[in-house]
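Have a look at the structure below, then the notes.
Both ligands and their constituent atoms are indexed starting at 1 by order of listing. Values in this document were obtained by computation on a predicted structure and should not be read as measured data.
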Amino acid sequence: MTKVLIDCDPGHDDATAILYAARHLELVGISTVYGNQSVDKTTTNALSLSDLLGLDVPVARGCEQPLIRTFRHGGDVHGKTGIDGAELPVPSRQAVDAHAVDFIIEMAGRYRDELVLCPIGPFTNVALALRKEPRLAKWLRGISCMGGTTQIGNTTPVAEFNIWCDPEAADIVFRSGVPMWMVGLNVTRQVGITEDDIARLNAGNAVARTYGGLFTFFRQRLNEIHGLTTASLHDPCALVPFIDPELITYANCPVEVELGDGITRGMTVCDFRNLTSAKLENIRSRSSNNCHVAVGVEARALVDHIMNAILAWPDRSSAKREAATH
Ligand code: RIB
Ligand code: CA
């Protein structure tokens, strides 16, 4: 079973990625980063979700700010807690002592050639880990991220939030040479939880109802801001190549990140040109940092697969209550 470490900013869709990974992969660790809310809140949310799901997975707290820029946290999309819409358990444990950057390096060294690192928030922790331990790029089996887009953005007309928050970090990661999968908004916006899906969750056990509450809030915010009618499951898409690769189609191409401060800041420029001639005067040649870029998805099949994982997740609290009464 594929070993994954999720670097995240829970986050409604991050919460779904954690469950989906724990159901189908070997989730060996969770690291947290600022993004959907402050890193204090995203760390609390990761610990609360681990309790809700009964996961005994180490959680490491990460960076509070991007490498260079200053990030102002806002609850635009995910609310004041970063995961509004449901009551989550107060965490029963703390994050590990190690900083997320050191935790990522340690786990990659422990699971050399096996570990897939899944950044689904800003890439700041991952970029610092690659800089602090140059061998990391060789130790990792791959990096599969939710980030960027081949079409329109969300934070700006052309940039997706995770990349826009820290373009310099994303640039370091895309240029690292690690085998890379990128699923962007062009695909993830198609993967949405509908009102009917929410009704099915609300008829389920306590875990399913919790996700039903989370998606109700998330779907409403996405509708108010972007006019969307479903709750986009951005982050779980990053896990698909290692769970069911038939569900998402990838094309291989170089990806470069716009580092300027203008309107295109954080744009992921995917070069799909099929240039054949090497000797060119004016035409810019392709960069060498190839990446598997998601270009198509069996959206409803993927939503159903994720829904099945949520609906089948046992309600540990009732299991604990049953155990206590016997
Ligand atoms: O743009 C979508 C991404 O930004 C997702 O990872 C979501 O959780 C937010 O972090
Ligand atoms: Ca996220």
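Interface of Asn154 with ligand 1, defined as ligand atoms under 4.0 Å from a residue heavy atom, comprises 1 (O), 2 (C). Near Asp14, meaning under 4.0 Å from one of its heavy atoms, ligand 1 places the atoms 8 (O). Atoms of ligand 1 lying under 4.0 Å from any heavy atom of Phe161, numbered from 1 in the order shown and given with element: 1 (O), 4 (O), 9 (C), 10 (O).
Using a cutoff of 4.0 Å between basic side-chain nitrogens and carboxylate oxygens, Lys80 and Asp84 are not scored as salt-bridged. Ion pairing of Asp196 with Arg200 is absent here, as no side-chain N (NZ or NE/NH1/NH2) approaches a carboxylate O to less than 4.0 Å.
Side-chain contact annotation: Ser31 with Asp7, donor-acceptor N/O pair under 3.5 Å present. Side chains of Asp197 and Thr194: a donor-acceptor N/O pair is present below 3.5 angstrom, by distance only. Under the 3.5 Å distance criterion, with hydrogens and angles disregarded, no donor-acceptor pair is assigned to the side chains of His12 and Arg221.
Note on ring orientation: taking the six-membered ring where Trp is involved, the planes of Phe174 and Phe123 are tilted (angle from 30° to 60°). The aromatic rings of His24 and His305 lie parallel to each other, their planes meeting at an angle below 30°, with 60° marking the opposite boundary.
Below 3.5 Å of separation, one finds no N or O of Met146 facing any N or O of ligand 1.
Among protein heavy atoms, the minimum distance from atom 6 (O) of ligand 1 is reached at Asp235 OD1, 2.6 Å. Of the protein's non-hydrogen atoms, Asn36 OD1, 3.2 Å is the one closest to atom 9 (C) of ligand 1.
When the N, O or S atoms of Asp9 are ranked by distance to the Ca ion (ligand 2), OD1 comes first.
Ranked by closest heavy atom to atom 4 (O) of ligand 1, the top entry among Asp13, Asn162, Thr188 is Asn162. Nearest to atom 3 (C) of ligand 1 by heavy atom, out of His234, Arg189, Gln37, Glu160, is Glu160.
Within the 6.0 Å centre-distance limit, the rings of Trp181 and Phe242 are counted as a close aromatic pair.
Take the Ca ion (ligand 2) as the corner point: the lines to OD2 of Asp235 and to OD2 of Asp14 open at 70°, to the nearest 10 degrees.
By the criterion of a heavy-atom distance under 4.0 Å, neither the backbone nor the side chain of Val77 is placed next to ligand 1. Residue contacts with ligand 1, taken as heavy atom pairs separated by less than 4.0 Å, do not involve Thr155 at all.
Open room surrounds CZ on Arg131; 12 or fewer heavy atoms of other groups in view lie less than 6.0 Å from it.
Residue Phe161: no N/O/S atom is found under 3.0 Å from the Ca ion (ligand 2).
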